[in-house]
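Below is one structure, written out as structure tokens, with a few remarks after it.
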Number of protein chains: 2
Amino acid sequence: MENALVRKLEGYISLSPDDKRQLNAIIRNPRHVPAHTDLATEGDKPTSVHLVMEGFACRYKFTAEGNRQIMAYLLPGDFCDMHVVVLKQMDHSIATISPCTVVDIPRDHILALLQKPTLSLALWCAALVDAAVLREWLVNVGQRRAGQRLAHVLCELLLRLRIVGLADNSYDLPLSQKDLADTIGVSNVHLNRVLQDLRREDLITWKAEHLVIKDIDRLMEYSGFNPNYLHIGRQGANPDARTD
Amino acid sequence: MENALVRKLEGYISLSPDDKRQLNAIIRNPRHVPAHTDLATEGDKPTSVHLVMEGFACRYKFTAEGNRQIMAYLLPGDFCDMHVVVLKQMDHSIATISPCTVVDIPRDHILALLQKPTLSLALWCAALVDAAVLREWLVNVGQRRAGQRLAHVLCELLLRLRIVGLADNSYDLPLSQKDLADTIGVSNVHLNRVLQDLRREDLITWKAEHLVIKDIDRLMEYSGFNPNYLHIGRQGANPDARTD
DNA sequence: CGCTGGCAATAACAAATGTTAGAAAGGAAA
DNA sequence: TTTCCTTTCTAACATTTGTTATTGCCAGCG
């Protein structure tokens with residue numbers, strides 16, 4: 001089994017053995033990071049790209065009034081930030097949620113990857129899909145009501161975890177209700193309300209950090225979920241990738 | 001005066017005369033597009049990258065329930081979508097708001113630019129800043145209340161239009177109230193309410209498509225605006241760009 | 001074993017925002 | 001001008017969501 005990064009990128013574009021070798025070469029020296037630990041903090045000068053290999057991490061930002069918005073979940077195979085390549089300052093923070101295995105990739109190694117046309121396109125793919133996910137989150141928070149928003153996030157996590165082989169119809173969800181509330185832009189009290197709705201509708205169960213989606217079709221229907229923005233196909237094979 | 005694209009990219013990274021020549025070479029054959037016209041529609045196979053040279057355009061998406069979310073404003077110098085490089089299907093639509101001058105850049109020309117290290121980095125910059133703007137929009141919609149959201153959007157447009165020389169303390173804003181409502185995720189009625197608030201507080205005037213910001217410091221204070229996410233400096237000179 | 005602290009669940013009430021409807025204002029075209 | 005149409009503005013009321021507070025649960029730890 002390939003690692004999560006190669007597996008994800010191959011969903012976008014086919015990689016030669018040499019490409020894969022070069023990718024594997026940069027993910028040396030993984031380190032373990034405890035839960036709830038910043039990998040990068042707003043205002044820092046970014047020094048390396050972080051790549052999550054195991055565990056759950058997130059991007060987040062606090063407003064001037066002290067409210068937190070989670071802007072992305074970073075799952076195994078996800079680059080935390082390509083900012084290091086060109087920007088001088090982090091405009092948001094990145095933190096682990098569960099204990100994680102993380103690889104730090106120096107800027108020069110990323111620049112080297114960008115020299116190779118195929119890998120450059122693969123990294124563009126990853127970045128463009130990240131942006132597509134972010135756009136869908138904006139739609140979610142801007143246009144859907146709280147119950148739908150929550151269901152939508154749970155659908156997305158299911159599909160993204162499936163890509164890297166970490167879910168079937170259930171998955172480990174090491175988030176607190178406050179984390180989810182800060183993801184969909186509601187109070188923790190209201191999050192609990194709509195969570196009870198999903199349970200009452202028998203759409204999910206969630207206890208001891210394990211989420212079971214009892215009927216994915218109904219949950220997608222409930223939330224208005226359309227997976228096109230993830231640009232994936234079934235079982236990680238991606239019919240949406242360009243082959244020309 | 002350089003064109004808006006070169007002007008914007010030079011804010012991120014310094015370009016050689018040859019780089020600029022190559023950039024100028026791809027922005028041939030601008031065409032005029034009427035207001036309220038799709039440049040690309042969700043589900044399309046993207047065929048070329050659109051670059052806005054004049055006018056206002058936007059990204060948007062409709063939910064299953066028929067609500068529209070505007071996900072970005074595309075101003076002069078902005079690439080509409082790099083999707084064409086690698087993705088097979090548009091996951092959202094792009095439309096003009098005002099009449100626009102647009103350049104269509106074939107996929108191969110973009111790939112050629114990506115071969116040149118400096119231009120490749122410049123395009124990464126543009127993409128990373130676009131993503132940063134999108135994240136801030138998510139924070140805006142998720143964590144601020146309607147009045148602050150509106151003020152925040154107006155602050156951002158001021159700064160972004162200044163970069164390309166299209167604003168001082170006022171600018172042309174060819175949007176309807178419904179457009180703004182669909183941007184910050186509120187109803188048109190509520191948008192009007194908070195707009196009246198801003199007028200009553202003497203923060204702005206807006207009529208005949210011209211917006212005047214009467215006190216930018218107070219408006220930034222009001223909205224909790226922090227410009228760091230735009231990664232710009234004063235007058236388009238960008239102290240935030242890496243020079244190493 | 002019993003603290004203790006964080007998280008989850010619930011209730012009661014307050015505030016923000018949505019919905020519906022209609023009147024007023026403005027622009028474009030006959 | 002008049003008409004027509006879109007947009008803006010306002011009001012009244014409905015609904016969603018936030019706030020504050022309290023309770024119970026459970027894991028970690030002395």
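Protein chains get the first letters and strands the later ones, always in sequence-line order, with residue 1 at the start of each. Every value quoted in this text rests on a predicted model; they were computed, and no experiment measured them.
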Counting the atoms with a prime plus P, OP1 and OP2 as sugar-phosphate, which does A:Gly185 contact under 4.0 Å by heavy atoms, base, sugar-phosphate, or nothing? sugar-phosphate

Compare every heavy atom of A:Leu87 with every heavy atom of B:Leu128, then report the nearest pair and how far apart it is. CB-CD1, 4.2 Å

Pairing residues for A:Ala72 by the side chain to side chain contact (heavy atoms under 4.5 Å, CB included) criterion, not counting sequence neighbours: A:Arg59

Could you give the CZ-to-P distance, from B:Arg193 to C:dA16, as a whole number of Å? 11 Å

Taking only nitrogen or oxygen atoms into account, show me every contact under 3.5 Å that the protein makes with nucleotides 21-23 of chain D, one pair per line with its distance.
none

Without hydrogens or angle criteria, can the side chains of B:Tyr229 and B:Glu156 be said to hold a donor-acceptor pair below 3.5 Å? yes

Under 4.0 Å, heavy atom to any atom of DNA chain D: which of residues 203-215 of chain A qualify? none

Quick one: do the A:Gln177 and A:Asn188 side chains pair a donor with an acceptor below 3.5 Å? no

A:Ile184 has an atom CD1; how far is it from atom P of D:dT16, in whole Å? 15 Å

Rounded to the nearest angstrom, tell me the gap between atom CZ in B:Arg200 and atom P in D:dC9. 11 Å

Gap between atoms CG and P, on A:Asp179 and C:dC7 respectively (whole Å): 9 Å

Nearest-Å distance, NZ (A:Lys178) to C1' (D:dT19)? 13 Å

B:Asn188 has an atom CG; how far is it from atom P of C:dT19, in whole Å? 9 Å

Just checking, is any N or O donor in the side chain of A:Asp38 or A:Tyr60 under 3.5 Å from an acceptor N or O on the other one? yes

